[in-house]
Amino acid sequence: MGTTASLKVVHLSSAHFAADTRILHKECKSLAKAGHDVTLVAQHEEDTILSGVKIKALRTPKYRWKRWTAALWSLYRDVARLHADLYHFHDPELIPVGMWLSLRGKRVIYDAHEDLPNTFAYKYYIPAFARQALGWLAGRIEDLAVQRFTAVVAATPTIGKRFSKYNTNTVVVRNFPSLAELALGVNLLWNERPPLVVYVGSMAPERGFREAMAAISLLPPDLNARLAFAGPLTSRLREEIGRLAGSDRTDLLGLLGRGEVASLLGRARVGLVPLHRMPNFVNALPVKLFEYMSAGVPVVASDFPLWRQIIEDAGCGLLVDPRDSNGIARGIEYLLTHPEEAQQMGARGREAIQRSYNWKTEEQQLLALYNSPCCRPKRPDCGQSRAA
């Protein structure tokens, strides 16, 4: 690929922390390394610079309704003043901001992390009777909006297939790990590792944290197994976890930095991915699955067809019914009591990451989009969408 001029780029998220793995550590860092001038506007304590990426701290309103109303207009005015060549946003709630920028002639990329209509099944703050209808409506708004945007970046092929009908500049950039990133932590020899089971990521009922805790409580006491949760914690969630069976065997680590995650996985013997069978999850490519594999940790994961193909092809773990705490416990116990086989599974997972599931190819997809004519300032007439 020939040398191209750098772009002034603004990545924008109101729902994610600035240290988000996909946004900062993969996309923004890759763009900065390629020579682009990258600013990330997202939740953070203060303005700073991380790995060549300028962070502009966004202080999100406490109440969700404020985040979706007055705060959107304020955010639009702030980012418009940055006069970027390209705006790349990561949350469906920012579609109005993307539309306002587009109407001003700005190039806008929508990064679809999830299949939005299918997330409404577990939006518990919405009355159950309204979720299906609102999910359909949100999906239709998304479909119409992306026809206005310069391009769409989709986190999975399923999402990409949906949006390619409405915007021909749709590319799939999957959430695969960087080969080097998780090698930075302290890696204990397998026979020196404690019986540590890890769950990295957001904790919510639909993501199986209750079943994980029930499973750890069912393990024989002489295994001395402990469960470590590494992810954002609210006071309400901390209180609930304290009341559940297994709380005496559970450590709440909170949100960890990337080096801390690497060190945690370097001590672990089992990685859990017990997401429930929700429409948004069955075709998802969860970051935690591939991070466990990258770190050489065998997995106990939900038995979905796509995940079965990945895990069985790699031979890197066990598949379970995510609603069955006893089944999850049996999977954990097997890996803890068969250390040689568990270590071999972990090694095969690492080999699969090196061979097929790493960030290098996805980075090339992202950089190719940024270097394409539709994202360059000299081609304002680039076609954006396909007639619906």
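In this text the structure is predicted, and so the values were computed from the model without any measurement.
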From CA spacing to verdict: ring pair (Phe, Tyr, Trp, His ring centres under 6.0 Å), F149, Y166
CA-CA 10 Å; F149 298 149; Y166 304 106; over 10 Å; no
Locate the shortest heavy-atom distance separating L116 from A138; write the atom from each residue and the value.
CD2-CB, 3.9 Å
Test: R330 and D324 ion pair at under 4.0 Å
yes
For residues I159 and V287: do they belong to one hydrophobic cluster (side chain heavy atoms under 4.5 Å, members Ile, Leu, Val, Met, Phe, Trp, Tyr)?
no
Does D20 use its side chain to pair, donor to acceptor, with the backbone of I23 at less than 3.5 Å?
yes
Answer yes when R22 and E27 have at least one side-chain N-carboxylate O distance shorter than 4.0 Å, and no when they do not.
yes
Nearest 0.5 Å, please: how far is OG in S14 from CG in L72?
7.0 Å
Is it true that a side-chain atom of S247 and a backbone atom of R243 form a donor plus acceptor pair closer than 3.5 Å?
no
Return each pair, listed once, that meets side chain to side chain donor-acceptor pair (under 3.5 Å) where at least one residue sits in residues 218-239; pairs must be two or more places apart or across chains.
R226-D251
What is the minimum heavy-atom distance between A204 and Y199, and which atoms define it?
N-OH, 4.5 Å
Donor-acceptor contact below 3.5 Å, side chain R249 vs main chain L219
yes
Please work out whether the ring planes of H88 and H90 are parallel, tilted or perpendicular, with thresholds of 30° and 60°.
parallel
So which of H25, H113, H11 actually passes ring pair (Phe, Tyr, Trp, His ring centres under 6.0 Å) with H16?
H113
Can L253 be reached from I216 by stepping across I, L, V, M, F, W or Y side chains whose heavy atoms are under 4.5 Å apart?
no
Rounded to the nearest 0.5 Å, how far does CZ of F209 lie from CD1 of I241?
5.5 Å
Say whether, by atom type as modelled, one donor and one acceptor occur between the side chain of W307 and the main chain of N283 under 3.5 angstrom.
no
If you measure from the Lys or Arg side-chain nitrogens to the Asp or Glu carboxylate oxygens, is any gap between R376 and D85 under 4.0 Å?
no
Should the pair K56-E46 be classified as a salt bridge under the 4.0 Å nitrogen-to-oxygen rule?
no
Is D303 paired with R308 through a side-chain N to carboxylate O contact shorter than 4.0 Å?
yes
Using the rule that Ile, Leu, Val, Met, Phe, Trp and Tyr join whenever any side-chain heavy atoms are under 4.5 Å apart, tell me whether V172 and Y110 fall into a single cluster.
no
Salt bridge between E240 and R210, side-chain N to carboxylate O under 4.0 Å?
yes
Gap separating the CG atom of L367 from the OG atom of S372, nearest 0.5 angstrom:
11.0 Å
Give the minimum heavy-atom separation between N187 and G266, together with the two atoms involved.
OD1-CA, 3.3 Å
Rounded to the nearest 0.5 Å, what separation is found between the NZ atom of K288 and the CG atom of L275?
5.5 Å
I'd like to know if the side chain of S30 and the backbone of K26 have a donor-acceptor N/O pair within less than 3.5 Å.
yes
Spell out, as yes or no, whether a donor-acceptor pair under 3.5 Å connects the side chain of Y87 to the backbone of V79.
yes
Looking at CZ of R348 and CD1 of I353, how far apart are the two atoms once the value is rounded to the nearest 0.5 Å?
14.5 Å
Looking only at heavy atoms, what is the nearest atom pair of R267 and P194, with distance?
O-CD, 3.5 Å
Specify the closest pair of heavy atoms between I328 and A215, including all atoms of both residues, with the distance to one decimal.
CG2-CB, 3.6 Å
Measure from the side-chain N and O atoms of H36 to the backbone N and O of A32, and report whether any donor-acceptor pair falls under 3.5 Å.
no
Minimum heavy-atom separation for L82 and K8, please, with both atom names.
O-NZ, 2.7 Å
Output all residues satisfying side-chain hydrogen bond (donor to acceptor under 3.5 Å, both in side chains) with N326, sequence neighbours left out; order by chain, then residue number.
none
What do you reckon, are the aromatic ring centroids of W359 and F176 less than 6.0 Å apart?
no
Gap between atom CG of L369 and atom OG1 of T170 - 0.5 Å precision
9.5 Å
Looking at R162 and E142, is any side-chain nitrogen of the basic one under 4.0 Å from a carboxylate oxygen of the acidic one?
yes
Are any side-chain N or O atoms of S217 and backbone N or O atoms of A214, one a donor and one an acceptor, separated by less than 3.5 Å?
yes
